[in-house]
Amino acid sequence: MKNNRRDFLKTFVASSVALPLISKANFSEKKLGVVLVGLGSYATNNLAPAFANTEFCRLAGIVTGTPAKAEIWKKKYNIPEKNIYNYQNFDEIAKNPDIDVVYVVLPNGMHHEFVLRAAKAGKHVICEKPMAISMKESEEMIAACKAAKVTFSIGYRLHYEPFTNEVMRLAKDKDFGKITFVEASFGFPLRDKKAWRMIPKLSGGGPMMDVGVYAVNAARYATGEEPISVTAQAVKTRPDIYVDGIEETMFWQMKFPSGAISNHTTTYNSGLQRLYVGYENGNLEMSPAFDYGPLKGKTSKGEMKFPIVHHQTLMLDGICGDIINNRPMRTPGEEGLKDMKITAAVFEAVKTGKEVKLS
Ligand code: NAD
C-alpha cells in the first residue's frame with residue numbers, strides 16, 4: 001500500500017505538476033540542496049519526510065541550536081557534518097556549494113532575520129507562513145532577496161495541491177457564475193500555553209498570525225480578488241492567559257471589488273477548519289480545507305474527487321522545479337505580503353472599531 005501510494009505520488013508529481021512544464025533542454029539533473037533552518041515540529045514531522053519523494057530537491061543540510069538534534073538528523077538523513085550549522089555560524093553557508101535553498105521554519109518573529117541572512121549568503125529562500133510579524137519586515141525581506149538576485153517563496157503548501165487549485169480554477173473559470181460569498185475559518189485548541197506562539201515578540205499575534213492567514217489567503221484565492229475593506233472583532237474569554245498582543249478568537253469580514261463579501265473566524269479555542277464559497281449558481285464546501293490532508297469537499301455538482309497527495313512534497317518540488325527552470329515563483333514574497341497587509345488591517349479594525357479601507 002505504502003509503495004503504491006509512493007509510486008502514485010511520484011507519477012502524479014511528474015505528470016501533473018512537473019513534466020508538462022519542464023522542457024528537456026533546460027532540465028537540470030542536479031537536485032537542489034535544501035537546508036532546513038529550525039528543526040521543530042513542522043520541519044521534523046512534515047518537511048523532512050517530504051524529501052523521500054522529491055524529484056527536484058534533496059535534504060542537504062540542517063541549522064539547529066540543539067546539538068543533540070543534529071546528531072539524530074545526521075544519522076537519520078545521512079547529512080554530512082559540513083552541512084550542519086547552528087544559528088551563530090549559519091552565515092558560513094555562503095561558502096557551501098551543496099546548499100542551494102534555505103528553508104526558514106523558525107518561530108514567526110525570527111523569519112525576518114534568517115531570510116535576510118540567507119539572501120546575503122546568496123541562497124534561494126523559502127520562508128514559512130506567516131512570512132513575518134509586520135509589513136515593514138515583509139517588505140525588507142522581499143527587497144533583500146531582490147537585491148541578492150535570489151528567489152523568495154512563502155511555504156503556502158495549499159497552492160500546490162489539487163483541491164485548492166480547483167477552488168482557484170472556479171474563481172477564474174466561473175463554472176457556477178460570480179462569487180457572492182466566502183466563509184473561511186481556521187482554528188485549533190492551543191494546548192501548550194508556554195509555547196512561542198503565546199509570546200508576541202516571537203509570534204506576532206495569536207491564531208490570526210498562526211492559522212488565520214490561511215483564511216485570509218483562502219478568501220483571496222476563492223474570489224481571485226483583493227479585498228477593499230475589513231471590519232473585525234476580537235473576543236477573549238481568558239484574558240488571564242491571552243495577554244496583550246495575543247488574541248484568543250477573532251472574527252472579521254471583508255468586501256471585494258466585485259461585490260462579494262466574506263466572513264472569517266480564527267481561534268485558539270476550538271478545532272475549526274472550513275471553506276465555503278457561494279456562487280450565483282451553486283456552492284463549494286470544504287472541510288477539512290487547510291490541513292495536510294486528505295482534504296474533503298463537495299460542490300453543487302457533487303463530491304470533489306482529487307488524488308491524495310503529500311502537500312509538502314508537491315510544494316518543495318513545485319518551488320524547486322520553478323527555480324531550476326527559471327520560472328516565476330508561484331507563491332512569492334509578494335503573495336505573503338498581500339496577506340500581511342490584510343492581517344494588519346484586521347488588527348487595526350479591532351483596535352479602532354471602524355471599517356478599514358485597503359485600497
Ligand atoms: P516549533 O515550536 O515546533 O519549532 C520551532 C523551532 O524553532 C524549534 O526547533 C525551536 O528549537 C526553534 N527555535 C529557535 N529559536 C527559538 C526561540 N527563540 N524560541 C522558540 N523556538 C526557537 O514550531 P513549528 O510548529 O514547527 O512552526 C515553525 C514555523 O512553521 C512557524 O512559522 C509556523 O507558522 C510554521 N508552520 C507552518 C505549517 C504549514 O502547514 N505551512 C505548519 C506548522 C507550522
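All ligand and atom numbering here is 1-based and tracks the order in the structure. Note: hydrogens, waters and symmetry copies are ignored here, and every other heavy atom, side chains too, is used.
For Thr299 (side chain) and Leu284 (main-chain N/O), no donor-acceptor pair under 3.5 Å exists by modelled atom type.
A side-chain N or O of Tyr268 and one of Asp210 form a donor-acceptor pair less than 3.5 Å apart. Of the N and O atoms on the side chains of Thr231 and Glu355, not one donor lies less than 3.5 Å from an acceptor on the other residue. A donor-acceptor contact closer than 3.5 angstrom links the side chains of Thr237 and Glu248.
The shortest N or O to N or O distance between Asn108 and ligand 1 is below 3.5 Å. Looking at ligand 1, you won't find any N or O of Leu202 less than 3.5 Å from one of its N or O atoms.
Proximity of Leu106 to ligand 1, defined as any heavy-atom pair under 4.0 Å, is shared by backbone and side chain alike. By the criterion of a heavy-atom distance under 4.0 Å, both the backbone and the side chain of Tyr42 are placed next to ligand 1.
Note on Arg117 versus Glu113: salt bridge recorded, some NZ/NE/NH1/NH2 to OD/OE distance being below 4.0 Å.
Taking each of Lys69, Gln312, Met209, Lys201 in turn, the one with a heavy atom nearest to atom 11 (O) of ligand 1 proves to be Lys69. Here atom 21 (N) of ligand 1 lies nearest to Pro107 when heavy atoms of Gly109, Ala132, Ala43, Pro107 are compared. Nearest to atom 39 (C) of ligand 1 by heavy atom, out of Tyr103, Tyr214, Tyr292, is Tyr214. When Glu128, His311, Met110, Arg197 are ranked by how near their heavy atoms come to atom 24 (P) of ligand 1, first place goes to Arg197.
Close contacts of ligand 1 with Val105, meaning ligand atoms under 4.0 Å from a residue heavy atom, involve 28 (C), 29 (C), 30 (O).
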